[in-house]
J.: 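Can you read through this structure? Questions will come right after.
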Amino acid sequence: MDSLFLGIDELTDTPSVAVVVDVMRAFTVAAWAFGQGAERIVLAGSLDEALAHKERHPDWVALKDGAPAPGFDTVNSPGLLRSMDLDGRTVVQKTTAGTVGALAVQDASLVLCAGFVVAEATARLLRTRGCDRVTFVVTGEDGRAEEDLACAQYIARRAGGAETDAAGFLRRAADSRAATELAEGIREGAHPDDVQLCLEMDRFPFAMVARREGPLMTLRPCAV
């Protein structure tokens, strides 16, 4: 499999297959939302868009990066989300990097969103679909986030069928700037368990597929 690793701003055309990686924390949170029973996640392009969805659909659960804010039900934290009952609910998600990356490649024929918690399922779906060229979108820090790059490289190796020891990739993520900032409480809207939860390899058995549903870009779990 031919793999390309790009930051969001480095995307110059629409890839055929894209894997959008945000380990800390957008797509770890998304996986936890599905684990808590959510039916789908609507990826919002702005905070105003997310609030507009919430206003039209009061039963939807809206979440964002950073500190709690009026109109939003919760924040982008797996440690906080894991206690919520989301059975059958629609979640609206707006984050600084992950949702931006997914929307940037929304016209690709296949868009997967990933973190370590769904790494093997994501790789398995790429193998099952016979994807021979995949663009990995490294969303954090203008494409330089070590936790996202490590996860993307791990998934790429597994998708290519290589036996791969996850320990070194997880260690890179644990030593990343994002992990340090979360652990030290620099980032708002965090739970003390967030780093640990973001580094839990293959916690969930599904991949996450993003696609257009009418005017919405939505994310849904896909059993592999």
J.: What I'd like to find out is whether the side chain of V137 reaches to under 4.5 Å of the side chain of L11, using heavy atoms alone.
T.: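 They are in contact (side-chain heavy atoms under 4.5 Å apart), so the answer is yes.
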J.: Would you find a donor on one side and an acceptor on the other, under 3.5 Å apart, between the side chain of Q93 and the backbone of L63?
T.: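 Flag not set: sc Q93 to bb L63 has no pair under 3.5 Å.
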J.: My understanding is that only one of L4, I155, L6, D148 makes a side-chain contact (heavy atoms from CB on, under 4.5 Å) with F136; could you say which?
T.: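 Result: among L4, I155, L6, D148, I155 is the only option passing the side-chain contact (heavy atoms from CB on, under 4.5 Å) with F136.
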J.: Between T218 and R40, do the side chains contain a donor N or O and an acceptor N or O under 3.5 Å apart?
T.: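 No - no donor-acceptor pair under 3.5 Å links their side chains.
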J.: Is a salt bridge present between E200 and R203, judged by a nitrogen-to-oxygen distance below 4.0 Å?
T.: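 The answer is yes: the pair qualifies as a salt bridge.
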J.: So, N76 side chain and K64 main chain: donor-acceptor pair closer than 3.5 Å or not?
T.: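 Not a single qualifying donor-acceptor pair exists.
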J.: May I ask you to check whether S77 and D194 show a side-chain donor-acceptor distance below 3.5 Å?
T.: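 Short answer, yes.
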J.: Is any side-chain heavy atom of F169 closer than 4.5 Å to a side-chain heavy atom of T164?
T.: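 Yes - at least one pair of side-chain heavy atoms lies under 4.5 Å apart.
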J.: So do V209 and V111 actually touch side chain to side chain, heavy atoms under 4.5 Å?
T.: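 A side-chain contact under 4.5 Å is absent here.
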J.: Below 30° counts as parallel, above 60° as perpendicular, anything between as tilted: where do the rings of F116 and Y154 land?
T.: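 Tilted, since the angle between the ring planes falls between 30° and 60°.
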J.: Could R25 and E147 be called an ion pair, given the rule that one side-chain N must be under 4.0 Å from one carboxylate O?
T.: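 Looking at E147 together with R25, the answer is no, because their closest N to O distance does not fall below 4.0 Å.
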J.: When you measure from the side chain of T180 to the backbone N and O of S176, does any donor-acceptor pair fall under 3.5 Å?
T.: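 At least one qualifying donor-acceptor pair exists.
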J.: Taking distance alone, no hydrogens or angles, what donor-acceptor pairs closer than 3.5 Å link side-chain atoms of residues 26-33 to residues at least two apart or in another chain?
T.:
from : atom 1 : to  : atom 2 : distance (Å)
T28  : OG1    : V23 : O      : 2.7

J.: Determine, for E163 against R157, whether the closest basic-nitrogen to carboxylate-oxygen distance falls under 4.0 angstrom.
T.: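 Looking at E163 and R157, the cut-off is not met.
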J.: Compute whether any side-chain donor of one residue and acceptor of the other, for R82 and Q36, lie under 3.5 angstrom apart.
T.: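 There is no such pair between these side chains.
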J.: Sub-3.5 Å donor-acceptor pair from the side chain of H57 to the main-chain atoms of D59, do we have one?
T.: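 Pair absent, no side-chain N/O of H57 close to backbone of D59.
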J.: Sorted by first residue and then second, give each salt bridge (Lys or Arg N to Asp or Glu O under 4.0 Å) pair with at least one member in residues 83-107; sequence neighbours left out.
T.: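 Non-adjacent pairs meeting salt bridge (Lys or Arg N to Asp or Glu O under 4.0 Å): zero.
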J.: Return yes when atom CZ of R211 has more than 12 non-hydrogen atoms of other residues, nucleotides or ligands closer than 6.0 Å, and no otherwise.
T.: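 It does not: R211 CZ has 12 such atoms or fewer within range.
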J.: Is a side-chain donor or acceptor of R158 paired with a backbone partner of A162 at a separation under 3.5 angstrom?
T.: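 Side chain of R158 to backbone of A162: a pair is present.
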